[in-house]
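Take a look at the following structure, please.
Here the structure is a predicted model, which is why all the values come from computation and not from measurement. Sequential numbering from 1 along the given sequence is applied to the chain's residues. Order of listing sets the numbers, starting from 1, for every ligand and every atom in it.
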Amino acid sequence: MIFAANFKTNHTRKSTELYIRELNEKLGTKNPEDKIYIFPPSTALNAYEGDFTVGVQNAYATQNGAYTGEIGLEQLDEFGIKTILIGHSERREHMGESQEKVATKFTFFREQGFEIIYCIGEPLYIREKGFEAVMQYLLAQFDGIDIMYENIIIAYEPIWAIGTGRSATVEEISTTHRALKKAINDKPLLYGGSAKPANIKEITSIAGVDGVLVGSASLDAESFSEMILS
Ligand code: PGA
């Protein structure tokens with residue numbers, strides 16, 4: 001299974017260091033087949049050591065240059081970062097990233113050989129329209145995206161389940177993942193949206209779920225390791 005921690009705008013460089021120390025202590029007994037990813041805020045990127053991969057939550061599609069407030073490849077190379085999250089609904093929604101911008105970013109980082117966790121997800125009003133509308137909405141988020149890319153992991157994150165404490169139901173995850181798996185030619189597919197210690201077993205037991213992308217419940221090393229070890 002894949003367990004990815006998305007810190008979003010939480011944690012500092014100092015608290016990330018402490019977090020990683022605690023995680024390393026706790027994960028001594030983890031199943032060697034499980035893969036762990038940590039996405040700290042950009043200010044806390046570093047060449048940390050341990051049985052996990054550190055990725056960046058966002059970067060600009062450039063080597064370097066005049067893009068005030070952004071970081072590019074040069075800043076990622078310093079710490080050997082080769083993994084990126086692209087298409088998260090919070091960036092689409094709050095930072096106005098259109099599908100076109102998301103696709104441009106994807107293509108750039110694909111050409112750089114990055115491992116890409118590519119996020120898709122529907123808002124509540126689409127879910128309420130029914131399954132067909134959901135699939136149509138999700139598949140449109142593959143526009144301009146090379147889903148056959150060898151280093152892609154897809155994360156299905158229904159927007160209404162993110163940070164709300166209310167995960168999608170087993171039935172909702174199961175039917176959506178089954179349909180998505182066909183569309184993505186069986187690439188790894190994560191679920192995200194209020195995954196936590198209390199529901200992790202249930203979620204990871206669903207066919208077509210290859211892991212989870214975790215926000216809130218990943219902020220505490222104890223809770224995240226409990227999910228990995230459960
Ligand atoms: P959540 O966030 O676990 O807090 O719902 C998931 C995500 O946005 O990746």
**Item:** Plane angle bin for Y67 and Y60 - parallel if under 30°, tilted between 30 and 60°, otherwise perpendicular
**Value:**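 Tilted: the ring planes of Y60 and Y67 meet at 30° to 60°.
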
**Message:** Does any N or O of ligand 1 fall below 3.5 Å from an N or O anywhere on I162, backbone included?
**Reply:**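 For ligand 1, there is no N or O atom that lies under 3.5 Å from one belonging to I162.
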
**Pair K82-N151, side-chain donor/acceptor within less than 3.5 Å** =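 No, because no side-chain N or O of K82 sits under 3.5 Å from a partner of the opposite role on N151.
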
**Asked** Near S194, which atoms of ligand 1 are under 4.0 Å from a heavy atom of that residue?
**Response**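 In order of number, 1 (P), 3 (O), 5 (O).
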
**Message:** Are any of the N/O atoms on T164, whether in the backbone or the side chain, positioned under 3.5 angstrom from an N/O atom of ligand 1?
**Reply:**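 Such a contact does not occur with ligand 1.
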
**Item:** Which of the ligand 1 atoms, numbered from 1, are nearer than 4.0 Å to a heavy atom of G163
**Value:**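 Matching atoms, with element in brackets: 1 (P), 4 (O), 5 (O).
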
**R21, CZ: over 12 other non-hydrogen atoms inside 6.0 angstrom** =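 It does not: R21 CZ has 12 such atoms or fewer within range.
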
**Asked** What atoms in ligand 1 come closer than 4.0 Å to a heavy atom of N6?
**Response**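 Listed by number with element: 9 (O).
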
**Prompt:** So is K196 close enough to ligand 1, meaning a heavy atom under 4.0 angstrom away?
**Reply:**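 No heavy atom of K196 comes that close to ligand 1.
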
**Request:** Evaluate the side-chain proximity of Y19 to P40: yes if any heavy-atom separation is below 4.5 Å, no if none is.
**Result:**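 The answer is no, as the side chains (C-beta and beyond) never meet within the 4.5 Å cut-off.
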
**Request:** Name the orientation class of the two ring planes belonging to Y191 and H177 (parallel below 30°, tilted from 30 to 60°, perpendicular beyond 60°).
**Result:**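 Aromatic pair Y191/H177 classed tilted.
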
**Request:** Give the residue, atom name and distance (to 0.1 Å) of the protein heavy atom nearest atom 3 (O) of ligand 1.
**Result:**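 Among all protein heavy atoms, the one nearest atom 3 (O) of ligand 1 is G215 N, 2.8 Å.
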
**Prompt:** Which ligand 1 atoms are under 4.0 Å away from a heavy-atom of S216?
**Reply:**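 Once the distances to S216 are compared, the set is 1 (P), 3 (O), 4 (O).
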
**Message:** Distance under 4.0 Å to a non-hydrogen atom of G193: what atoms of ligand 1 satisfy this?
**Reply:**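 Counting from 1, the qualifying ligand atoms are 5 (O).
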
**Message:** Taking 4.0 angstrom as the limit and counting only heavy atoms of A161, give me the atoms of ligand 1 inside it, by number and element.
**Reply:**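 Near A161, the atoms of ligand 1 are 5 (O).
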
**Request:** Check the pair E97, H88 against side-chain hydrogen bond (donor to acceptor under 3.5 Å, both in side chains), reporting the backbone distance first and the verdict last.
**Result:** CA-CA 9 Å; E97 285 192 9; H88 194 282; over 6 Å; no

**Asked** For A217, is at least one N or O under 3.5 Å away from an N or O on ligand 1?
**Response**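 So ligand 1 has no N or O lying under 3.5 Å from an N or O of A217.
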
**Request:** Select the closest option to atom 9 (O) of ligand 1 among E90, E157, K8, Q57, judged by heavy-atom distance.
**Result:**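 Result: the heavy atom closest to atom 9 (O) of ligand 1 is in E157.
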
**Request:** Go through I2 and I153 one step at a time and tell me if the side chain to side chain contact (heavy atoms under 4.5 Å, CB included) criterion holds.
**Result:** CA-CA 10 Å; I2 294 169; I153 295 172; 4.0 Å; yes

**Request:** Would you mind listing every side-chain hydrogen bond (donor to acceptor under 3.5 Å, both in side chains) that reaches into residues 110-130, with sequence neighbours excluded?
**Result:**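 Those involving residues 110-130 are Y37-E115, T83-E115, R92-Y118, Q99-Y118, R110-D146, E122-R127, E122-Y156, E122-W160, R127-Y156, R127-T176.
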
